[in-house]
Amino acid sequence: MEIVILAVVIAVVALGAISGLVVSSRRKKQLPPPPPTTPSVTAPPAEPQVGEDAETPRDEERRTIEEVGLPDSGATLVEEAPVTEPEAPAAPPIEVPEPTAGRLVRLRARLSRSQNSLGKGLLTLLSREHLDEDTWEEIEDTLLTADVGVQPTQELVERLRERVRVLGTRTPDELRALLREELLTLIGTEADRFVNTANGLGPNGEEIPGVVMVVGVNGTGKTTTTGKLARVLVADGKSVVLGAADTFRAAAVDQLQTWGDRVGARTVRGPEEGDPASVAFDSVKEGISEGADVVLIDTAGRLHTKTGLMDELGKVKRVVEKHGPVGEVLLVLDATTGQNGLVQARVFAEVVDITGVVLTKLDGTAKGGIIVAVQRELGVPVKLVGLGEGADDLAPFEPEAFVDALIGD
Ligand code: GDP
């Protein structure tokens, strides 16, 4: 860095000499502050005045240039002066995850295979020449079997009945369009499905990384999802710190670290069976000191006593909030568990404010209707779906792509 600074100084000195100005080659630390009368040509009004004691290389250059007295042109010079880049970390063999855009479309074949019986089943039934009561009952059964839930099923069947009646004769294309529209209405296209990873503000108004807590019962795919989500964020250009707060399962901690190592994300771990809240706290602390964009915290999911879970998760969140807000609490649910998943969702929602749902193992079940049921149950959107065990088999949930996979083009 010194060489670069020296180079800048020499360049400036040369410039100053050419223009006949007095120069000084003293280092920054010995420099007096710029005279108050100096017009602030070097800094646009928006330049922050805070943090003056923590000078950056750019400050150092600016001060040196000010010192040599370059007039108005100094402002331009400062802006264009070469800035010493922070030292690039040595590149370990880190994987580059594939971009997340269009992932659901890529995984569509997998989705449509598993959801075949729902979408295609409905279309076949609706295409029957006579839509008698038995057929409507079959339609209802198809939706219930796919875990759409009683209330949403009744609503959908009612709307379909009404619209089919209005339509009169039905071509396959018309039916498909109608079903697509109604399924989309049921799932909802308005909800904000972005995982909130925006920076928060600390107690003193300072920026802290976005904090995401991942909760769910063991076995749902919580740790895998946390790892996959780290990849999604890294693919989107963010730096991530992982908090292995599931301290009761050594395997989970190692598993998470492996995920982190693969994409160059540090994993904060604690002693085995240590306090999960303290690991969570430390991971955000690490995120802050690293200047990371996001901290992902994997939590324990032992559901043996609700009170224990409540105490633990509540504490994790409260302790993390000493640093600043938790931007997102993602509940991981296994799509293959059907109604049981809904019971879990209810319990977790009582313990912490869930802000989004990740539905895993959607590749292995035809019960995609759980998306509708769980959104109704919790009043929060499904934000991500797991479509396989592969590292990049986690996709942002896009209702349109999902419904298209359901009923085919
Ligand atoms: P945890 O106990 O909730 O942390 O669960 P794990 O993350 O250890 O995952 C349990 C199992 O589910 C692992 O074998 C994962 O590979 C598997 N799994 C996770 N997500 C998916 C998914 O979307 N599809 C499939 N097929 N398997 C998944």
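Computation of the quantities below employed the complete heavy-atom set of this structure, encompassing side-chain atoms and omitting hydrogens, waters and symmetry-equivalent molecules. Both ligands and their constituent atoms are indexed starting at 1 by order of listing.
Interface atoms of ligand 1 facing Gly221, defined by a heavy-atom separation under 4.0 Å, are 1 (P), 3 (O), 5 (O), 6 (P), 7 (O), 9 (O), 19 (C). Atoms of ligand 1 found under 4.0 Å from any heavy atom of Gly386 (numbered from 1 in listed order, with element): 23 (O). Short contacts between ligand 1 and Asp363, defined as distances under 4.0 Å to a heavy atom of the residue, involve ligand atoms 22 (C), 23 (O), 24 (N), 25 (C), 26 (N). Interface of Arg249 with ligand 1, defined as ligand atoms under 4.0 Å from a residue heavy atom, comprises 1 (P), 2 (O), 4 (O).
At a 4.0 Å heavy-atom cut-off, ligand 1 touches Leu387 through the backbone alone. Heavy atoms of Val217 found under 4.0 angstrom from ligand 1 belong exclusively to the backbone.
Of the polar atoms of Lys222, at least one N or O is found under 3.5 Å from an N or O of ligand 1, judged by distance alone. Checked by distance only, ligand 1 and Thr223 come closer than 3.5 Å through their nitrogen or oxygen atoms. Ligand 1 has no nitrogen or oxygen under 3.5 angstrom from a nitrogen or oxygen of Thr360.
Taking the side chain as every heavy atom from C-beta outward, Pro276 and Thr299 never approach each other to under 4.5 Å. Using a 4.5 Å cut-off on side-chain heavy atoms (C-beta onward), Arg376 and Leu186 make contact.
Contact record, Thr360 with Asp334: OG1-CA, 3.4 Å, taken as the closest heavy-atom pair.
Summarising the geometry, atom CG belonging to Leu183 is positioned 12.0 Å from atom CD belonging to Glu400; distances are rounded to the nearest 0.5 Å.
Not a single heavy atom of Asp393 sits closer than 4.0 Å to an atom of ligand 1. Heavy-atom separations between Gly219 and ligand 1 include at least one value shorter than 4.0 Å. Under a 4.0 Å heavy-atom criterion, Gly301 is not in contact with ligand 1.
With hydrogens left out, the protein atom closest to atom 27 (N) of ligand 1 is Glu389 CG, 3.2 Å, a heavy atom. The closest protein non-hydrogen atom to atom 8 (O) of ligand 1 is Gln255 NE2, 3.4 Å. Protein heavy atom nearest atom 6 (P) of ligand 1, with residue, atom name and distance: Thr224 OG1, 3.3 Å. In terms of protein heavy-atom proximity, atom 28 (C) of ligand 1 is nearest to Lys361 CG, 3.7 Å.
One N or O on the side chain of Asn196 and one on the backbone of Gly327 form a donor-acceptor pair closer than 3.5 Å.
The list of ring pair (Phe, Tyr, Trp, His ring centres under 6.0 Å) pairs with a residue in residues 277-301, not counting sequence neighbours, reads Phe281-His323.
In summary, Lys317 and Glu321 engage in a salt bridge, as defined by a charged side-chain N under 4.0 Å from a carboxylate O. With respect to the salt-bridge test (charged N to carboxylate O, under 4.0 angstrom), the residues Lys228 and Asp393 do not qualify.
With sequence neighbours left out, Glu138 forms a salt bridge (charged side-chain N to carboxylate O under 4.0 Å, His left out) with Arg128.
Thr153 and Glu140 form no side-chain donor-acceptor contact under 3.5 Å, judged by distance and modelled atom types alone.
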